[in-house]
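Numbers restart at 1 for each chain; the letters A, B, ... are given by sequence-line order, proteins then strands.
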Protein chains: 2
Amino acid sequence: MTDPLTDSAGVPPSDTPKRSDARRNQAAILAAAGRVFARSGVNAPVREVAAEAGVGMGTLYRHFPTRADLVVALYRHQVEECAEAALALLEQAESPFAALLAWVHQFVDFLGTKHGLGAVWQGDDAGFSALHQLFLDRLVPALAELFAAARASGELVADVRPYELLRAVGDLVAWAPDDPDYDVRRTVTLLVTGLRHELPTPRPPAPDPTSPPR
Amino acid sequence: MTDPLTDSAGVPPSDTPKRSDARRNQAAILAAAGRVFARSGVNAPVREVAAEAGVGMGTLYRHFPTRADLVVALYRHQVEECAEAALALLEQAESPFAALLAWVHQFVDFLGTKHGLGAVWQGDDAGFSALHQLFLDRLVPALAELFAAARASGELVADVRPYELLRAVGDLVAWAPDDPDYDVRRTVTLLVTGLRHELPTPRPPAPDPTSPPR
DNA sequence: TCCTCAATAGGAACAACGCTCCGCTTCTCG
DNA sequence: CGAGAAGCGGAGCGTTGTTCCTATTGAGGA
């Protein structure tokens, strides 16, 4: 896995006519964030990151207005890799569905290593857009590719959209910390397995509140 | 559904030789919490609850040391009801599996109405035990009943434990806010559908623990 | 009825955190 | 080399969780 600390600063040199010290600080912050997040989770106090980087709060906030911005910058590469892996898996795996399952598990592994990433991924409130958007832009298309292939091979039957699955897996993994009695991978497998069937009636018990169907 | 605000105070009168004002305050806090939680979610500031109840911080903390304690006291009845519904559904539904699906959806509805309950349900940290334990004690056995029936009828094949499913559903619902593009009920249905199949190889592509992607 | 005291109430105060604001510093370019 | 602007740092504000200590009050006994 590419190390975001060394090749850090997801900033293309071209669109950055910034001052040298600014660039230096941005890199320092990213490096520090990598260490702090790995040590204390992505919810570590912002102050801690600033301190570790040896910069002031203002500096940190100028470069990364929200925590999600920081996380996005750090993990962008990995998301890219994850997306690109889809095609490779399609060729390697013995069937499109197997590739799908494998890819999803790879995604689980990715999310799983960053404890607490889930909080950002699902986006409590504001930071929402940043990371969520990145995931959507890159990962949904990748998964769509796998879906199409698996559907063509007849293994995927359920009328489920890639986004739905991705989101579900994200939610599932978001909170799967250190419970020895619970293995998310199994659950995810179960979920993917469900794709082989047609979904039962859209609204099973349908209590019908105020919301119109569809 | 019984209203925890009116029949509030999940305190049996017998084991409560407390002072009258203590009882009164406890009830006031519960009532206030019901209103505040409904209005601002279960993560509403503790102060707000105290203010709404017209008591001091100390009083609130004496009665409910953690936020989870408060939530548990408030929703205990509903959890009980949910658990008891299992048997009824088993008789009504056309098949054990249908009952299982229906029950899970009922559970989803229950969790769904309390926005933010998920945060407490999954237990970020300390408050963990309280609510989580309540759910486990009451709901897992109920679900186990349904599992046994569905397994006997041959509809449930996957080697999955009730706890796993319950937990998965909980995680799924925990963060299903107001996204018009995503309906948890569908995902949950998908998950339950997966139960009809045998789970694929226990560890699909997980050979190497050190390098996640690749 | 009144007294006493332990249980209880109340809320000020502390700590941790997110975020903003503004005077000072340092780079860059002519 | 000098001036202007870009960037920096951290004090400080608002919010929330949690604790602590003192004043209050209910309830049983004289």
Could you state the [atom1]-[atom2] distance from [X] to [N], rounded to the nearest angstrom?
X	N	atom1	atom2	value
A:Phe64	D:dC8	CZ	P	11 Å
B:Leu70	D:dG17	CG	P	12 Å
B:Ile29	C:dT8	CD1	P	13 Å
A:Glu48	C:dA15	CD	P	19 Å
A:Asp69	C:dC19	CG	C1'	14 Å
A:Arg24	C:dC27	CZ	P	7 Å

Between [options], spot the one nearest the side chain of [X], thanks.
X	options	answer
A:Met57	D:dT18, C:dC19, D:dG9	C:dC19
A:Asn25	D:dG26, D:dG9, C:dT20	D:dG9
A:Tyr61	C:dT8, C:dT20, D:dC8	C:dT20
B:Pro45	C:dG11, D:dT16, D:dG10	D:dT16
A:Ser20	C:dC27, C:dA9, D:dG9	C:dC27

Quick check for you: to the nearest 0.5 Å, what is the distance between B:Arg67 atom CZ and B:Leu60 atom CG? 10.0 Å
Nearest 0.5 angstrom please: A:Leu101 CG to A:Leu195 CG, how far? 9.5 Å
Residue mapping more 5' on DNA chain D - nearest nucleotide basis, A:His63 or A:Arg47: A:His63
Where each residue is assigned the nucleotide of DNA chain D containing its nearest heavy atom, which of B:Arg62 and A:Asp21 is assigned the position nearer the 5′ end? A:Asp21
B:Asp159 atom CG, over 12 foreign heavy atoms within 6.0 Å: no
Min side-chain heavy-atom separation A:Phe37-A:Leu70 under 4.5 Å: yes
Heavy atoms only, 4.0 Å cut-off, all strands: where does A:Thr59 land among base, sugar-phosphate and nothing? base
Dump the intermediate steps for salt bridge (charged side-chain N to carboxylate O under 4.0 Å, His left out) on A:Asp181 and B:Arg167, then the final yes or no. CA-CA 10 Å; A:Asp181 266 3; B:Arg167 158 111 199 210; over 6 Å; no
Nearest-nucleotide wise, let me know which of A:Val46 and A:Gly58 is further upstream toward the 5' end of DNA chain C. A:Val46
Examine C:dT26: is either OP1 or OP2 under 4.0 Å from a nitrogen or oxygen in the side chain of A:Arg19? Give yes or no. no
